[in-house]
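Reading through the C-alpha cells given below for one structure.
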Amino acid sequence: MVAHAYNSNTLGGQGGRIDWACSVEGTSLGGEEAAFEVARVCGDPLSAPGAGVLQAGAVGPARGGQGEKKVGESEGGGEERRVRHPQAPALRLLNRKPQGGSGEIKTPENDLQRGRLSRGLHAAPPAPGMGDRGGQPERSAPYSPGAPVGTSAAAVNGLMHNGFHPPPIQPPLVCSRGPVGGSDAAPPRLPLLPELQPQPLLPQHDSPAKKCRLRRRMDSGRKNRPPFPWFGMDIGGTLVKLVYFEPKDITAEEEQEEVENLKSIRKYLTSNTAYGKTGIRDVHLELKNLTMCGRKGNLHFIRFPSCAMHRFIQMGSEKNFSSLHTTLCATGGGAFKFEEDFRMIADLQLHKLDELDCLIQGLLYVDSVGFNGKPECYYFENPTNPELCQKKPYCLDNPYPMLLVNMGSGVSILAVYSKDNYKRVTGTSLGGGTFLGLCCLLTGCETFEEALEMAAKGDSTNVDKLVKDIYGGDYERFGLQGSAVASSFGNMMSKEKRDSISKEDLARATLVTITNNIGSIARMCALNENIDRVVFVGNFLRINMVSMKLLAYAMDFWSKGQLKALFLEHEGYFGAVGALLELFKMTDDK
Amino acid sequence: MAECGASGSGSSGDSLDKSITLPPDEIFRNLENAKRFAIDIGGSLTKLAYYSTVQHKVAKVRSFDHAGKDTERDHEPPYEISVQEEITARLHFIKFENTYIEACLDFIKDHLVNTETKVIQATGGGAYKFKDLIEEKLQLKVDKEDVMTCLIKGCNFVLKNIPHEAFVYQKDADPEFRFQTNHPHIFPYLLVNIGSGVSIVKVETEDRFEWVGGSSIGGGTFWGLGALLTKTKKFDELLHLASRGQHSNVDMLVRDVYGGAHQTLGLSGNLIASSFGKSATADQEFSKEDMAKSLLHMISNDIGQLACLHARLHSLDRVYFGGFFIRGHPVTMRTITYSINFFSKGEVQALFLRHEGYLGAIGAFLKGAEQDNPNQYSWGENYAGSSGLMSTSPELGPAQRARSGTFDLLEMDRLERPLVNLPLLLDPPSYVPDTVDLTDDALARKYWLTCFEEALDGVVKRAVASQPDSVDAAERAEKFRQKYWNKLQTLRQQPFAYGTLTVRSLLDTREHCLNEFNFPDPYSKVKQRENGVALRCFPGVVRSLDALGWEERQLALVKGLLAGNVFDWGARAVSDTGLILCPSLSFSERPWLVDSYSKWLQRLKGPPHKCALIFADNSGIDIILGVFPFVRELLLRGTEVILACNSGPALNDVTHSESLIVAERIAGMDPVVHSALREERLLLVQTGSSSPCLDLSRLDKGLAALVRERGADLVVIEGMGRAVHTNYHAALRCESLKLAVVKNAWLAERLGGRLFSVIFKYEVPAE
C-alpha cells in the first residue's frame, strides 16, 4: 500500500535524466511502481527534418466561424484538398534558437518558502511598486468577476515579484496567486516562469513593420519560445484529452508569416466544436485571455476516444504536422503506446511525460489562473441534505496536503504534499471504464452520456439489497442505517427481482456502486495518510452530478464531517494542461 | 439406514418436494440426549448445532485390595480391568442445504426425547424466515441472536480449540492449503465476512469487537451482477464459469493502455487498469466465462484492497476471511489471496478457516450455552465424526462438488480438563509438533497411508479379541474397519481434509474411530499381562543394575529405556514378528544413528537436575523395566521426577491410571520409589491426551502448573510416536532427551539407518 514517494524533478529542469515514477492512470493494481528513468527527449526544433517544402493538407481552410464543421471523416472526399505551399520563410522566426544555460539551476526550496517569486534572466525590467509588498494585496482577488484572471493574476504576480536581483530561472511553470487579502503568511505555491510574465510594454514606434521587427528582435533576445502550435496531450485508456493554446495576440505580420498548415490547424480547431464523429471541444471550459509563455490567447479543451488515436495520427501525417517542428508533449499510457506510431506514420517525435506529474502541475496551474474569473475549485455545502446541498466555490490556495483522486477509466489516488512531492497511494480498477463497460453490457447503451442519462432516471434501490432488506430496519449493532446499501446488485440474486427492474435502474446501480466504492477507498486512504481534503478529478465526473454529490455525501457522512470532497471544473484535462506546461519548460531548458 | 423423506406437503412445497435419502441416525447423532439447540440459516445452507452426551465404554483399571501381596504368583494379573460406561459431552454441528430443513426438523422432532430444552438460538439471514416453521416443528421458542456476534464467538472458539483450523491458500502448492499452527494469542485480528455484502470487524478480545467498515461489493454483487451478465443463476455455476474465463478479454489491462512499453517502464502489463474497460463497446460479444472471470477479479481485488486498507489503519497483519463467497471455493480463496498479497506487498496474511461455515452456528450455540461455560473447557475435533474439509478442486463441476457437501458434520469432544502449552517450549507460536507434514510430502503420505491400510486387519482382529464376551464385537469391529478405511481413502484424495496430515493425525483418527464403535482400549488385556510380567522382573532388573559400576549403569539404564521401548504393539515390525526380546537385547552397538550419549554421560557427572519431566510411552516392560529404573536413578541423584502418562488409552501406551497402579506396586518393592512417592518427589500426572503422539502445545493445565512450580529443567521424551513422529525438532528452553528405537524400516531408512536404529538425542538449549 505504500507507494513510492518520489520527488518529481520534472520542473527542476536539470536536463539530462530525470527520475520518473511510473504512474499508471487508472492502473488500480499499481503496486509495481518501480521508479524508472526516462531520458528526456530534447528534440531541437531546428534540427528537425522537413523544414523545407511543406506538405500541408488544407484542413478546411477557415471559412469564418462555421462552428459545426466536422473534419477528418473523409479522406480525399471533396472537402480536403492537397495544396502545395511554398516554403514558409516566416517559420524560422517562430523557431527560436535555444538559449543555453538559463534553465538549469533549480530554485532553492527556501525561496519558495519565503514566497519570493522570481523571474528569469530575461525578465522584464522591474515594475513600479516592486518589492513593496508589505501590507499590500499581492494579487487581485482570486475570483473578482469580470477580471481577466489569467492575465491579471499573472501580471500582478509578475510585477510584484520581479526582483532587482533576478534569481536563477524558476523551474516551475505555473502562475501563482499570491496570498489572499495581503496576508504574507501563506507563501505562494508556485513561482512564475518568465514566459508567463506579461510582456514589457513595447516601445512605441511608428510603423507596424518596425514594431514587428523590434518585437521579433526582442523576442529572440528574450527567451526561446516553442514554435506554434502549442498542444498538450493526455492519451488515456478511454479518452484522449487535448489542450490547444490559440494565440490571440497575433499581429498582422505574424498572421502573414504564419505558414498555411499552422494557420489551418488554428482555424480548424477554433472554428469547430466537433471533430470527426467523436472529437468534441468542450467550449464551456475554454480559458480565455490567458497569458502563456508570453503570449496571450485562449486555451481550448478537446477530447476524443482513444480508439480514434490512429485516425488522429493519420491526420497528423496527412496534414504534415511534422513540418511545423513542434514537439508534441504527451502524457498518459497512450504516450508510450502510440509513440512508435507517431514516429513511423506521422514523423512526429512525442515528448513523453509522467502523467501524475502532469496531472498535479496542470491542476495547480489551472486552479491558479482560475476559470475565466470564476473559481476552478468547488465543493458541496450540506452534502448530506439533498435539499440544501449546493455547489460552492472553494479557495485552494493552500492545497497541501491533499488526497488527489483521479478517476479515469481506472482510478489513481495520490497523496500530494507539495507541488513536487507526492506519492501514489493506491488505485482501483473500478473506475469510469468499469461504469461504462458494465452499463454497456447491462443496458446496451453505447456512450457515457447515454449511460449517465439512464442512470439519472433510474433507482438503484431496486437493484441493490439494502440493510433494511436484510434486517428489516437499521442494523443497530453496527450503527448501520436501513437505507445503506448492504449488497450492490444483491437483489439481482433473485430471478423475480431481475425480471422487475429497468435498464435505468441498472445504470443507476452501476453508477452508485462504482462511485461509492471509489469514495470508500479514498476515505480509507485519507485516514491512512491523515489528510482531510480529498480532491476528485478525472473524466468520470464529467457531466456526472450524481457521482459528485454521492462522493461529497460519502466523505462527509462516513467521516462525521472530518473529510471534505473537492471538485474542479476542468475535471479531466489537467494531465493535458500539465503536458502543455512541459512544452514551455522543455524549450526553456535548452 | 432410515429414510428421511420430506413430505412435500408443506405450505411451501416448491422447494421441499425433493425427497432425500440420508442416514439421519448417522447425521443427527446422539439426539436422545441433545440439549441446547442452535441454528444458523444462511442463504442456501442451514447449520444446526446441539450439545449432547455420548455414552462410551471405557476400560477402568483398579488395584486389587491385596496389592503387593500376591506378586509372586506368576499368573495373577497385577490389577483388574472393568469396562464401564462413561458419559462425555460432545458438540454436534450439521450443515445441510436449506432444501432439507423441513425434513431435518421432522427427524429431530421424532428423535428428541427427554430434552429439557425450551429455546433454540437462531442466527443468520434466514432465521426469521424460518422462525415459524422451527417453532411449530420443534416446539421450541426461537431466540434470535445477532449474526456478527455469533460469527465472532464462533471464530474465537475454533481458533482456540481446533488445531490447524486456519490456513493460507497457496496457488502453486500441492495441496494448495497450508495450515497454520495455532497461535497462542489469537487477538487481535481482522475478520472479513464476505456474504452478500462485506463486513470488516476488528476483534480485540473474546467479548470486544468493533465493526470497522464494510463494502456493498460482495458475494451478492458477484452473484447478482453475474446472473445479469451471464444468465447463469447459481453461485457455484458462476464460479465455475469464472474459473474457465479469460478476464483480459473484458478488462483493460496496463498493456492495453501502455502498449508494449510497459516492459521498459517496469510495469506488469497484466495488471488491470480498468475492470470491464474493454466492454464499453456495442459491437462486440463477450463470453460468459470471460465476464464471470472479470467480475470475480474485480470483486476479489476490491475486497482485498479494502481489507488491506483497514488492516493497515489498525496495524493488523492477520486477516481471516469468511462468508459464502469464500466458503470452500478455491477460486475465490485464490483471488482474495492474490489481492491481499498484492495490495499489502506481503505484509498482511489472508487466512481461511476449515470450519468457516459453522462459525455462526457455533457462536449461536455458545450464546445459548453460556451457563454451561463451554469456554472453560478444551474441545477436540473428533475425526471419526467430522467430515472434514471437502474437496473443492476447481476442476470439479459444481454438481459434483455440491453433492459431496450435502451434509457436512463437525463433532467436538469436550475434554474435561483445559489444555495449554508446555511452559518449557522455546517459542510457542512457532512450535510444530509433527516432524513430517504428509500433506506436503507425497512420498511419505503414500507410504504411511498404505502402512495404516495394511495394519487395519490386525487392529480389527485385536479389537475383536479384546472383547471376547461381547456378542457384537465382530460386527462393531467391521464397522470400525469400514469407517477408518473410508477415512484413509478420503485422506488419499484430500490429504488436507482435517488440517495438516501427519502420522499423528492418522493414529488419532484410528483411536477416534475405535472409540466410536466402543473399542475403548483394545490393548487393556495385553497391557495388563505385560505389566504383570514386567513387575515380576523389576526387582531382579534393579538388583543387576545396582551391581554395575556408575558409568556402566548409566549406559545400561539408557539401553533399558530403549529396549523397553521396542515392545510396542503399535509398531508393525514388532507385532508382526511377535518379536520377544529380553531387556538385555543387544541391539545395534554404538554409535547409534543419532548418538549424543557421551554428552549426556558428561552431563550426569555434573550436578543433578532439579526436576525431570518424563513422557512415558508403552505399558509393561517399557514403563516398568525401562522408565522406572531410570526414574529411580534420577531420584537417587536428587532430581525430582514428574512422570506424565496419557489420560486415555491409545494402543498399548501406559495410561495415567495404569501408571498409578504400577507405581504403587513398584513402591511396594522398592524403598526409593516408595519414599519419593510419599514425599512427592515423584509425581504422576496425566498429559490430557489420548494419542500415541505428543502435542506439547495441548497439555493438561495441571501438568503445566506442576512443571512451573517444580522448575523442571529436563524433559525426557521416549518412543517413536512422541520423540520421532512428533517433537523430533521441538525446541525447548531446558535440556531434553529424546530417545526411541525406530521400529519402522521405511522411516529408519529415511533417517539414514536400518530397522531398530537407535535415536538418542540429548539437547541443551543455546545460552
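Residue numbers start from 1 in every chain, and the chains themselves are labelled A, B, ... in the order their sequence lines are given, proteins ahead of strands.
The closest donor-acceptor contact from the side chain of B/Gln305 to the backbone of A/Gly427 lies under 3.5 Å.
Within the model, atoms CG of B/Asp146 and CD of A/Glu476 stand 11.0 Å from one another, a figure rounded to the nearest 0.5 Å. The structure places CG of A/Asn517 at 3.5 Å from CG of B/Asp302, a figure rounded to the nearest 0.5 Å. Rounding to the nearest 0.5 Å places CZ of B/Phe276 at 10.0 Å from OG1 of A/Thr510. The distance from the OG atom of B/Ser196 to the CG atom of A/Asp469 is 10.0 Å, given to the nearest 0.5 Å. Going from atom CE of B/Met298 over to atom CD1 of A/Ile514 covers 5.5 Å, rounded to the nearest 0.5 Å. Here the CZ-CE distance, from B/Arg312 to A/Met524, works out to 9.5 Å after rounding to the nearest 0.5 Å.
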Evaluate B/Trp211 against A/Leu480 for side-chain contact (heavy atoms from CB on, under 4.5 Å), listing each step before the verdict. CA-CA 10 Å; B/Trp211 186 85; A/Leu480 290 174; 3.4 Å; yes
Step by step, work out the side-chain contact (heavy atoms from CB on, under 4.5 Å) result for A/Leu527 and B/Leu309. CA-CA 9 Å; A/Leu527 280 176; B/Leu309 286 166; over 6 Å; no
Given side-chain contact (heavy atoms from CB on, under 4.5 Å), test B/Thr221 with A/Met492 step by step and report yes or no. CA-CA 8 Å; B/Thr221 315; A/Met492 298 298 93; over 6 Å; no
Decide yes or no on side chain to side chain donor-acceptor pair (under 3.5 Å) for B/Ser275 and A/Ser429, but give the supporting numbers first. CA-CA 5 Å; B/Ser275 294; A/Ser429 68; 2.6 Å; yes
Could you walk me through whether A/Leu442 and B/Leu225 satisfy the side-chain contact (heavy atoms from CB on, under 4.5 Å) test, starting with their C-alpha distance in whole Å, then the side-chain angles of each, then the deciding distance to 0.1 Å, before giving a yes or no? CA-CA 9 Å; A/Leu442 293 172; B/Leu225 201 43; 3.7 Å; yes
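Contact annotation for B/Phe235: neither backbone nor side-chain heavy atoms come within less than 4.5 Å of a heavy atom of chain A. For A/Lys495, the part sitting under 4.5 Å from any heavy atom of chain B is the side chain, from C-beta outward, and nothing else. With a 4.5 Å cut-off on non-hydrogen atoms, B/Ser339 does not touch chain A at all.
Scanning all heavy atoms of the two residues, the minimum distance from B/Ile217 to A/Leu430 falls at CD1-CD2, 3.8 Å. Nearest approach of B/Met148 to A/Tyr475, heavy atoms of both residues: N-OH, 3.6 Å.
Test A/Ser520, A/Ser487, A/Ser488 against B/Ser216 for side-chain hydrogen bond (donor to acceptor under 3.5 Å, both in side chains) and you get one pass: A/Ser488.
Between chain B and the residues A/Val485, A/Leu436, A/Leu441, the most heavy-atom pairs under 4.5 angstrom are made by A/Leu441.
Within a 6.0 Å radius of CG in A/Asn530, other residues, nucleotides and ligands contribute 12 heavy atoms or fewer.
Using a 4.5 Å heavy-atom threshold, the side chains of A/Arg498 and B/Lys233 count as touching.
Listed by chain and number, the residues in a side-chain hydrogen bond (donor to acceptor under 3.5 Å, both in side chains) with B/Asp256 are B/Lys278 (sequence neighbours excluded).
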